[in-house]
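Data block below; observations after.
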Number of protein chains: 2
Amino acid sequence: MKKRVSLKDIAKEAGVSIATVSYVLSKQNNTGISREVTERIKRIAAELNYRPNQIAKSLQSGKSHTIGLIVADISNPFFALIARIVEDEAKKHGYTVIFGSSDEKASKSADLIKFLLNRQVDGFIIAPAEGSKDQIEYLKAQNVPLVLIDRYFPKLETNYVVIENYLASFEATGRLLANGNNRIGMVAYATEMQHMQERIRGYRDALAQDGISDTFVHEIKFSAIQSEVEGAVDQMLNMNDPVDAIFFATNTLGIIGLKYLNRLKVSIPKDVSVIVFDESEAFDFFYCPLTYVKQPLHDMAKKAVEVLVEQIADPNKGFHKIKLGAKLVLGDSCA
Amino acid sequence: MKKRVSLKDIAKEAGVSIATVSYVLSKQNNTGISREVTERIKRIAAELNYRPNQIAKSLQSGKSHTIGLIVADISNPFFALIARIVEDEAKKHGYTVIFGSSDEKASKSADLIKFLLNRQVDGFIIAPAEGSKDQIEYLKAQNVPLVLIDRYFPKLETNYVVIENYLASFEATGRLLANGNNRIGMVAYATEMQHMQERIRGYRDALAQDGISDTFVHEIKFSAIQSEVEGAVDQMLNMNDPVDAIFFATNTLGIIGLKYLNRLKVSIPKDVSVIVFDESEAFDFFYCPLTYVKQPLHDMAKKAVEVLVEQIADPNKGFHKIKLGAKLVLGDSCA
C-alpha cells in the first residue's frame with residue numbers, strides 16, 4: 001500500500017505553502033490566490049489522488065452533525081444499551097454518534113475528549129469517570145455543548161440526566177425490611193461518584209428509619225471486582241450472625257454475586273434474600289425471578305439526546321437538570 | 001453559553017484571511033507572514049479564548065494515534081466485548097479507539113466511515129455490515145489501513161481476522177448427530193454475509209455426510225428478530241414429525257429461542273437438544289449447562305489490533321488473512 005497523500009506532498013509538488021494548498025482545496029471564494037496557482041494545485045491534487053477533507057469546512061461552520069458519547073465501560077450491557085439508544089435517538093435528529101469508553105479512568109476519558117473535541121464533534125454525552133470533573137469544567141469553559149448521563153457532579157452547573165438513586169435505593173432496602181429481613185448487607189463500588197454514594201445513603205437511611213444500626217456495606221474496587229465481591233459475600237455469610245439479605249448496587253456486582261451464591265449452593269430466597277440495582281438479560285434465566293431496580297434507560301438516553309440537540313441549536317439556553325424515577329420490579333427473590 | 005470561537009472570527013478581527021490565521025495558529029516556521037501580523041493574530045486568538053486545534057498538525061503528519069472501530073451492533077455483548085478488548089489492546093500500542101455501530105446497515109456504516117476518515121483516524125477495524133463491500137473497496141483505494149473482523153468479503157483482498165465458521169458449525173451439528181438426534185433444525189439470520197452462510201453450509205454438510213436429507217433452516221430478518229425466532233421455534237416443534245434438536249446460529253438468536261422454549265415449558269435436553277453458536281453471560285444462569293461454540297474473542301480482537309498497528313507502521317506489508325479456530329464447549333444441553 002502507498003503512503004497517504006498529504007497537503008505537504010501537494011505543496012511541495014506545486015511549489016507553494018501548505019496553507020495555500022489547504023485554502024484552495026477547501027474551496028473558499030476570494031482567496032486572493034491567483035487562478036494559475038489555484039488550477040495548478042487542483043491538478044496536482046487530482047494527479048496524486050488526494051482525498052478531499054471536510055475538516056476545514058467544519059472548522060469554519062462549527063457543525064459536524066456528530067455527537068461524542070463517552071461511557072464508563074462499553075462491555076457493560078447497561079452502557080452498551082445506552083449507547084445503542086443514544087445512537088437510535090440521535091439518528092432521528094440527523095446526528096451520527098461516535099463512542100469512546102473511559103474504563104472508569106479519568107486519564108482515558110481525557111484522551112477521548114481531546115480527540116473528539118479536536119475532531120469537531122458538535123457536543124458530548126458523557127457518563128463521567130471518577131476524577132474527570134476538571135475535564136467537564138474545561139468543556140464548559142470552552143462552551144462545548146454537553147450533557148452528563150447516569151452520573152453528575154452536584155457542585156458543577158451542567159446539563160444532566162440521571163435517576164433518583166437515593167430514592168430508588170431507599171425503596172429497595174425498605175422492601176427487604178418490609179419482608180422481615182433485618183440484617184441486610186450491601187455490595188457497592190468504592191468510588192466517590194455521587195450516584196454510588198446516593199445508593200449507599202439510601203440504604204443506610206432506610207435502615208436507620210427502621211431503627212436498625214447494623215449496616216454492612218462492602219465497597220468493591222473496580223480493579224478486582226470478582227475476588228472482592230466473592231470475599232464480601234463470604235464475609236457476610238460467615239459472620240456469627242450472618243446477613244439475611246444482600247442488596248447489590250449494580251448489575252455487574254449482582255451477576256458476579258449471584259453466580260457465586262449458586263456455586264456456594266445458597267438458595268434464594270430461602271437462605272438469603274437478594275435485590276439487584278439494575279436489570280440484566282441473565283436474570284431471565286435465573287431460577288428465582290429477581291426483584292430488581294429497573295432504570296428508565298430508554299427515557300434517560302432519549303432525554304440526553306434531546307437536551308444536547310437543543311443546546312447545540314441554542315447555546316444560550318439554561319441548563320436542564322433531569323432526575324428520572326426508577327421502578328422496583330417485584331420478583332420472588334426477597335422473602 | 002457563548003458561541004465557539006472560529007478561525008473566521010479571528011480572521012475578521014485581525015483583518016486577514018482565514019488561511020493566514022490557520023497557518024499562524026498551526027505554528028509553522030517560515031510562513032512568509034510578517035512578524036507583526038503573526039503577533040496580532042496570536043493576541044486576538046488569546047483574547048477571544050480560541051481553542052487550539054490539533055487537526056492541522058495531524059493533517060500534515062497523518063498520525064492521530066486513533067483507531068476507528070465499527071461494529072454491527074454495540075448493544076450485542078459479542079461486539080461490546082470485542083470493543084472492550086480492542087480498546088485494551090490498542091492502548092498497549094498507544095492508540096485510542098473511537099467506536100461506531102452500524103446497526104447492520106450499510107448506510108449508517110458509510111456515515112461513520114466518512115466521519116472518522118475525515119477526522120484522520122490512522123486506520124479502521126470493521127465488522128462489515130451487509131452491502132458495505134464498496135465502502136471497504138473505497139478505503140482500500142484510498143490506502144487507508146484496515147482490518148476486517150468477524151466477517152469478511154471472500155473476493156476482496158484485505159486484512160481480516162475471522163473464525164472458521166464452517167468447521168465450527170460442522171462440528172456442532174456433528175455433535176448433535178453423534179448424540180442420536182437426526183431431525184435437527186437451525187435458526188440463522190437472513191443475510192448474504194459470508195460468516196452466516198458458512199455456518200449454514202457447515203450444518204448442511206454435516207447432515208449430508210450422515211445421509212440425512214431433511215434440513216430445516218429458518219432465516220430470521222434483523223428487523224423482526226423476536227417474532228421470527230418464536231415463529232421458527234413454533235414451526236419446528238409443531239411439525240407432524242417435530243425436530244429433536246435446534247442449533248441457534250448466534251447468541252442473540254439463542255437467548256430469544258431459549259427464553260421462548262422456557263415459556264413453552266419445553267425441557268432441555270429432554271424434549272429438545274440445543275446448541276448455541278457463541279456464548280453469553282445469561283447461559284451461566286440457565287438451568288441446564290449449555291453446549292455452545294466458544295469463539296476466541298480475545299485472540300480475534302488482539303490479532304486485529306496487531307495487524308492494524310503493523311499496517312499503519314508499514315503500509316507496504318502484505319495482507320494478513322487470519323482464520324482462528326472455535327471450540328465446542330460441552331454442556332448437558334444435547335441429549
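Excluded from the calculations below are hydrogen atoms, water molecules and symmetry mates; all remaining heavy atoms, backbone and side chain alike, are included. Labels below follow one simple rule: chain letters A, B, ... track the order of the sequence lines, proteins then strands, and each chain is numbered from 1.
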Heavy-atom distances under 4.5 Å only: say whether A:Ala141 touches chain B with side chain, backbone, both or neither. backbone
Heavy atoms only: give me the nearest B:Ala80-A:Ile74 pair and the separation to one decimal. CB-O, 3.3 Å
Determine the minimum heavy-atom distance between A:Leu112 and B:Val97, stating which atoms define it. CD2-O, 3.6 Å
If I compare all heavy atoms of A:Ser101 with all of B:Glu87, which pair ends up nearest, and what's the gap? O-OE2, 2.5 Å
Can you tell me which of A:Asp73, A:Ile82, A:Asp314 forms the most heavy-atom pairs within a distance under 4.5 Å of chain B? A:Asp73
Which answer fits B:Phe286, side chain, backbone, both or neither, if we ask what part of it has an atom under 4.5 Å from a heavy atom of chain A? both
Measuring from atom CD of A:Glu281 to atom CG of B:Asn251, what distance do you get when rounded to the nearest 0.5 angstrom? 8.5 Å
Quick check for you: to the nearest 0.5 Å, what is the distance between B:Ser75 atom OG and A:Ile85 atom CD1? 8.5 Å
Sub-4.5 Å side-chain heavy-atom contact between B:Phe285 and A:Ile255: yes
Carefully, step by step, assess A:Ile98 and B:Phe99 under the rule side chain to side chain contact (heavy atoms under 4.5 Å, CB included). CA-CA 6 Å; A:Ile98 305 289; B:Phe99 327 135; over 6 Å; no
Does the pair A:Lys91/B:Asp103 count as a salt bridge with the N-to-O cut at 4.0 Å? no
Atom CG in A:Asn118, atom OG1 in B:Thr66: separation rounded to 0.5 Å? 10.0 Å
Could you tell me the separation between the NZ atom of A:Lys259 and the CG atom of B:Asp284, rounded to the nearest 0.5 Å? 4.0 Å
Under 4.5 Å heavy-atom distance to chain A, tell me which part of B:Thr96 shows up: side chain, backbone, both or neither. side chain
Region of B:Leu258 that comes under 4.5 Å of a non-hydrogen atom in chain A: both
